[in-house]
2 protein chains.
Amino acid sequence: MNFTSSEENYIKAIYHLQQADANVTTNELAAELQTKPASVTDMLKKLKAKKLLNYERYQGFTLSNQGKQIALGIVRKHRLWEFFLVDKLKFGWDEVHAVAEELEHISSSLLVERLDAFLEHPKFDPHGDPIPDVHGKMESNRQVNLIDLPINKKAEVCAVGSQSTELLELLKHSNISIGTKIEVKKKFTFDHSLEIKLGNKVAFTISQQLAQALFVKPL
Amino acid sequence: MNFTSSEENYIKAIYHLQQADANVTTNELAAELQTKPASVTDMLKKLKAKKLLNYERYQGFTLSNQGKQIALGIVRKHRLWEFFLVDKLKFGWDEVHAVAEELEHISSSLLVERLDAFLEHPKFDPHGDPIPDVHGKMESNRQVNLIDLPINKKAEVCAVGSQSTELLELLKHSNISIGTKIEVKKKFTFDHSLEIKLGNKVAFTISQQLAQALFVKPL
DNA sequence: GAAAGAAATTAGATTTGTCTAAAATAATTT
DNA sequence: AAATTATTTTAGACAAATCTAATTTCTTTC
């Protein structure tokens, strides 16, 4: 199936906002796309009709699996073009975004695959973001500080910020180790503490200091 | 100023049809763009308002100088992308047209210039058509048989098909030599003879045989 | 748990590019 | 030069994507 540039922009924006926080709202999306909430609602209905979105009015929305695939295809194109612009056309990494926004809507999939081959199948774009392959798979190996992990995003602990016995003692007591599945449920502004959940266990809160010592890989 | 893809498609189509025959009609343009004459009229009015077209209703239309510049910019982008697709991405020369039709509407002029540099300023696209430079200038050195010269297109005689004394005698008598400015005013279907005009002199007709012996360069 | 406030949605209008059907103009034929 | 035919244009409608203003639904506060 084929989509308009406008539809693709909505899908991509929803995808990115959902990465940062699984609970995307109509207003957030409107702000992101520099449009009005009413326009967003119109498009949500259209995307639902095309089965790209799970959406019930007043109840919020998430991308369907099909929607996610479309989003990944657009992200793939965007990042491949960014790589091309910087690597081949000698653009600065800060000059490429606007141009890539246009190029990502070129529809030919043959073009994308030939471009990918020409660039020798790069795995990351000039900003370090991973480039999805034809099937939407990508290396999600950019580790981020737990403080920066979006709410409700499942991740895996992959590194700690120090090897001090004090930290290790606290980690052991909290049942956190390398490989632990982790998820942030809430962020408290007052002291920047986080409510987290390990696997399916009951949630508990950790301090800003501990969170900053933990590095995770989004799944 | 910025134009929509639709406007650009009209400008480009008018440009190409005007190359083939200076008298482009509403119906021809509609056929070329696979749309209806009424839609063409609508767009003609819009392009006139934007000063890209000389147009009076029922009286035909031609591109203004500004319109020609826009057209050349689009042709430049189209042919540069075609060159890129064939030379770098290993497309076949017959596969590139549709993709280039999409790519030619990407607006960034920085992109075009960087692409031109990356490709090392090619002068001709994979089909042998000349690529206009930033200022719209291009080598128009594809010589065509006088028989194929569009009506009302000014051209210059650049070669003859044989060196026989019979031909040279006729050419001398007709005042035609290399460098003569020439223009076809009418084509007669009956015997394929042509009415031609040399510079500002009075028009006269020549036979199919003579026309076929003359090669010209459109100006 | 009712009222106030915030967020989301609907209703109706606008713009762009297109269409069909009808009318106006130009070109051709007799 | 009048009549026929072909071309071009207008008038009015429609779909896509957007907007403003009004309304509905949800959330929060008291």
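The figures here come from the full heavy-atom set of this structure, side chains too, leaving out hydrogens, waters and symmetry mates. Proteins get letters first, then strands, A, B, ... in listed order; numbering begins at 1 in each. Because the structure is predicted, anything quoted here is derived from the model rather than measured.
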Compute whether any side-chain donor of one residue and acceptor of the other, for B:Gln18 and B:Thr62, lie under 3.5 angstrom apart.
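Side-chain D/A pair, B:Gln18 to B:Thr62: absent.
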Indicate whether the side chain of A:His121 and that of A:Asp133 have a donor and an acceptor atom separated by less than 3.5 Å.
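Side-chain D/A pair, A:His121 to A:Asp133: absent.
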Hey, could you give me the NZ/CZ distance between B:Lys88 and B:Phe83, rounded to the nearest 0.5 Å?
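It is 7.5 Å, given to the nearest 0.5 Å.
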Rounded distance in Å - [atom1] ([X]) to [atom2] ([N]):
X       : N      : atom1 : atom2 : result
A:Leu47 : C:dT9  : CG    : P     : 13 Å
B:Leu53 : D:dT8  : CG    : P     : 14 Å
B:Asp42 : C:dC19 : CG    : P     : 10 Å
A:Tyr10 : D:dA16 : OH    : C1'   : 12 Å
A:Glu28 : C:dA8  : CD    : C1'   : 13 Å
B:Leu29 : D:dT8  : CG    : P     : 10 Å

Would you please classify the geometry between the A:Phe84 ring and the B:Trp81 ring as parallel, tilted or perpendicular, with 30° and 60° separating the classes?
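Answer is tilted, since the angle falls between 30° and 60°.
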DNA chain D: A:Glu7 or B:Leu44, which has the more 5' nearest nucleotide?
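Of the two residues, B:Leu44 wins.
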With DNA chain D as reference, determine whether A:Met43 or B:Thr25 sits nearer its 5' end, using the nearest nucleotide of each.
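With A:Met43 and B:Thr25 compared, the 5'-side residue is B:Thr25.
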From the set D:dT18, D:dT10, C:dA8, return the single nucleotide nearest to any side-chain atom of B:Thr41.
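For B:Thr41, the side-chain atoms sit closest to D:dT10.
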A:Lys45 has a side chain; which of C:dT10, D:dT9, C:dT18 sits nearest to it?
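Side chain of A:Lys45 sits closest to C:dT10.
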Counting only side-chain N and O atoms of [X], is one of them less than 4.0 Å from OP1 or OP2 of [N]?
X       : N      : value
B:Tyr55 : D:dT8  : no
A:Asn27 : C:dA6  : no
A:Thr35 : D:dC19 : yes
A:Ser6  : D:dT18 : yes

Contact check, side chains of B:Glu195 and B:Phe188, non-hydrogen atoms, under 4.5 Å
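Yes; the side chains approach each other to less than 4.5 Å.
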Presence of salt bridge, B:Glu183 and B:Lys185, under 4.0 angstrom
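Salt bridge flag = yes for B:Glu183 with B:Lys185.
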So, A:Arg76 and A:Glu113, do they make that salt bridge, N to O below 4.0 Å?
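A salt bridge links A:Arg76 with A:Glu113.
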Protein proximity profile, nucleotides 20-26 of chain D - base contact B, sugar-phosphate-only contact S, no contact -, cut-off 4.0 Å on heavy atoms
B---BSS
